[in-house]
Amino acid sequence: MTAADPTPSSPQLSSADPADGPDDVRGTTAPAPGHDDAAPAPGHDDAAPASAHDDAPAHEDALHPGDPEAAGPFLTVGYVPGVMPGKWLGRWRQRRMRPVLRDELLTAAGWRQALDSGEVTACFVRLDWSPEDPDPDHLRTTHHAVHLYDELQVAVLSTDDVLGVLDSLTTAQLAEESTPQAHADIDDAAMAVELAAAGVGPVVLPMSVARLHARKDVTHRELTDAPTVPVFLVWPRGLDEDMEGAVQRFVGIVRGRKESSGRDDGAAPGQAASSGGEGRPSRAMKPAAAEKSQEKEPATRSGKAQSGGWAKAGASTKPGLRRKPGRKVKNSRSKKRR
């Protein structure tokens with residue numbers, strides 16, 4: 001059979017191929033491997049979508065390595081229970097800074113091991129609470145430690161406790177009127193709060209930890225004479241230059257550095273170019289704007305009526321009732337009477 005000799009089946013296939021998807025094309029050509037008309041099927045124009053469909057997963061996999069969310073390195077920031085670094089993590093991600101930021105919740109007793117093993121790059125820690133916590137000065141010999149803020153200590157009480165009528169407590173009042181629990185470990189704070197709710201006795205905790213384990217059957221009161229608990233951002237010494245720079249930029253965010261400060265050079269390339277392009281020309285234009293304002297000052301400060309100015313507008317020349325030149329004044333006299 002020659003190509004010039006059409007058969008009833010060939011026009012049906014050519015008319016049905018454009019409407020069918022890539023899977024339909026495979027199902028049409030596969031049952032007739034030995035047919036004479038099956039030879040043109042591989043070269044048919046509609047066979048291209050089938051190959052493109054097969055290559056789609058490979059194309060997506062090829063784009064995946066370029067995705068910054070899927071490829072490292074990462075800036076992993078840990079935090080112990082009670083510390084809430086969400087606003088700082090959100091600012092880093094909102095500004096699309098690099099490297100990609102990850103956060104991880106650590107136990108109060110395991111943050112030091114996580115830093116030393118490289119599980120996290122930096123960590124928000126609470127010092128001077130547990131007897132095992134290192135002294136800040138001694139910690140700075142091997143790590144960088146930036147003091148952020150201090151937490152208050154509170155007494156978690158049952159709602160039925162008589163001390164709940166007071167707005168605040170002292171350690172002496174707490175010891176006289178009740179039997180407090182022993183010094184609680186942060187990792188076991190949930191159990192200590194549950195015991196306080198059951199009436200076993202109050203438990204002293206940092207305020208953030210007390211709020212973390214808040215319940216309807218407990219309340220907390222501030223201990224006015226108890227020492228505060230410091231919170232630090234700690235990261236090890238000896239990081240490579242890129243990671244050390246990333247940590248320094250994160251420290252700047254924690255300390256309140258704004259995006260327009262120009263010191264955060266780790267933003268996404270497109271965003272850095274746009275922000276830098278808008279910021280620098282504005283500084284260069286300031287002298288020109290100052291010159292224009294100086295040129296206009298003699299005209300605006302003079303008390304003489306100018307053409308097209310206040311005299312034509314009908315406004316008074318008093319300082320409180322002046323209008324800009326050229327602006328129409330409606331009902332100025334009626335407003336003045338009111």
Side-chain angles (χ1 to χ4, degrees), residues 77-91 103 105-112 122-140 143-234 251 253-256:
V77 177
Y79 57 97
V80 296
V83 180
M84 295 177 290
K87 61 179 180 179
W88 301 314
L89 302 176
R91 288 172 186 171
D103 57 276
L105 176 62
L106 304 174
T107 61
W111 64 265
R112 184 70 178 268
C123 186
F124 293 91
V125 302
R126 186 183 293 106
L127 299 181
D128 294 343
W129 176 259
S130 174
E132 290 78 15
D133 290 339
D135 182 73
D137 295 333
H138 179 70
L139 180 64
R140 287 190 174 97
H143 295 73
H144 298 281
V146 177
H147 178 247
L148 302 179
Y149 58 91
D150 296 316
E151 289 185 322
L152 299 174
Q153 295 192 42
V154 297
V156 180
L157 316 167
S158 172
T159 52
D160 299 330
D161 198 311
V162 294
L163 294 175
V165 299
L166 301 176
D167 295 334
S168 60
L169 297 172
T170 62
T171 54
Q173 290 175 336
L174 185 65
E176 291 175 1
E177 301 295 337
S178 63
T179 306
Q181 301 181 37
H183 188 78
D185 191 358
I186 298 297
D187 297 330
D188 299 331
M191 179 58 68
V193 171
E194 186 173 353
L195 293 175
V200 174
V203 59
V204 179
L205 293 172
M207 181 177 287
S208 63
V209 180
R211 291 177 176 176
L212 177 64
H213 300 289
R215 298 161 49 123
K216 294 183 179 180
D217 50 359
V218 297
T219 184
H220 64 269
R221 295 293 182 268
E222 177 187 348
L223 294 177
T224 56
D225 58 345
T228 57
V229 184
V231 176
F232 287 80
L233 178 61
V234 181
V251 172
I253 290 179
V254 173
R255 287 183 165 180

Query raised in the report: side-chain contact (heavy atoms from CB on, under 4.5 Å) between L205 and H220: does it pass, once the steps are laid out?
Result: CA-CA 9 Å; L205 293 172; H220 64 269; over 6 Å; no

Query raised in the report: Regarding D225 and T171, is there a side-chain donor-to-acceptor distance under 3.5 Å anywhere?
Result: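 T171 and D225 do have a side-chain donor-acceptor pair below 3.5 Å.
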
Report task. Report, as yes or no, whether the 6.0 Å neighbourhood of atom CZ on R215 holds more than 12 heavy atoms from other residues, nucleotides or ligands. Result ->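 It does: R215 CZ has more than 12 such atoms within range.
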
Query - Residue D135 excluded, over 12 heavy atoms near CG under 6.0 Å - result: yes

Report task. Using the side-chain contact (heavy atoms from CB on, under 4.5 Å) rule, take V204 and L174 through it: C-alpha gap first, then chi angles, then the decisive distance, then the call. Result -> CA-CA 10 Å; V204 179; L174 185 65; 3.8 Å; yes

Determine the minimum heavy-atom distance between [X] and [Y], stating which atoms define it.
X    : Y    : result
G164 : L157 : N-CD1, 4.1 Å
E222 : V154 : CA-CG1, 3.9 Å
S158 : A196 : CB-O, 3.3 Å
Q153 : W129 : OE1-CZ3, 3.6 Å
G82  : L212 : N-CD2, 3.7 Å
T179 : P202 : O-CD, 3.8 Å

Look up atom [atom1] in [X] and atom [atom2] in [Y], then write down how far apart they are to the nearest 0.5 Å.
X    : Y    : atom1 : atom2 : value
L166 : D161 : CG    : CG    : 9.5 Å
L152 : S168 : CG    : OG    : 11.0 Å
Q173 : L223 : CD    : CG    : 9.5 Å
L89  : M84  : CG    : CE    : 12.5 Å

Report task. Identify, with sequence neighbours excluded, every residue that meets side chain to side chain donor-acceptor pair (under 3.5 Å) alongside T159. Result -> none

**Report entry** Worked verdict on D128 versus D133 for side-chain contact (heavy atoms from CB on, under 4.5 Å)
**Finding:** CA-CA 6 Å; D128 294 343; D133 290 339; 5.5 Å; no

Are [X] and [Y] packed together at the side-chain level, in the sense that at least one heavy-atom pair is separated by less than 4.5 angstrom?
X    : Y    : value
P81  : D187 : yes
P85  : D103 : no
D150 : V229 : no
L233 : V251 : yes
R126 : S208 : yes
P134 : L127 : yes
R112 : L139 : yes
V80  : I186 : no

Query raised in the report: Given L105 and Y79, is the side-chain contact (heavy atoms from CB on, under 4.5 Å) satisfied, shown in steps?
Result: CA-CA 5 Å; L105 176 62; Y79 57 97; 3.5 Å; yes

Requested in this report: Check ring pair (Phe, Tyr, Trp, His ring centres under 6.0 Å) between W111 and all other residues, then give those that pass, not counting sequence neighbours.
Outcome: none

Query raised in the report: So, does R221 use its side chain to make a donor-acceptor pair with the main chain of A155 at under 3.5 Å?
Result: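 Looks like no, no N/O pair under 3.5 Å.
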
Report task. Answer yes or no: is there a donor N or O on one side and an acceptor on the other, between the side chain of E177 and the main chain of L163, under 3.5 Å? Result -> no

**Report entry** Residue pairs involving residues 189-213 (criterion ring-ring contact (aromatic ring centres under 6.0 Å, His included); sequence neighbours excluded)
**Finding:**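 Applying ring-ring contact (aromatic ring centres under 6.0 Å, His included) to every pair that reaches into residues 189-213, excluding sequence neighbours, yields nothing.
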
**Report entry** Parallel, tilted or perpendicular: rings of F124 and W88 (30°, 60°)
**Finding:** parallel

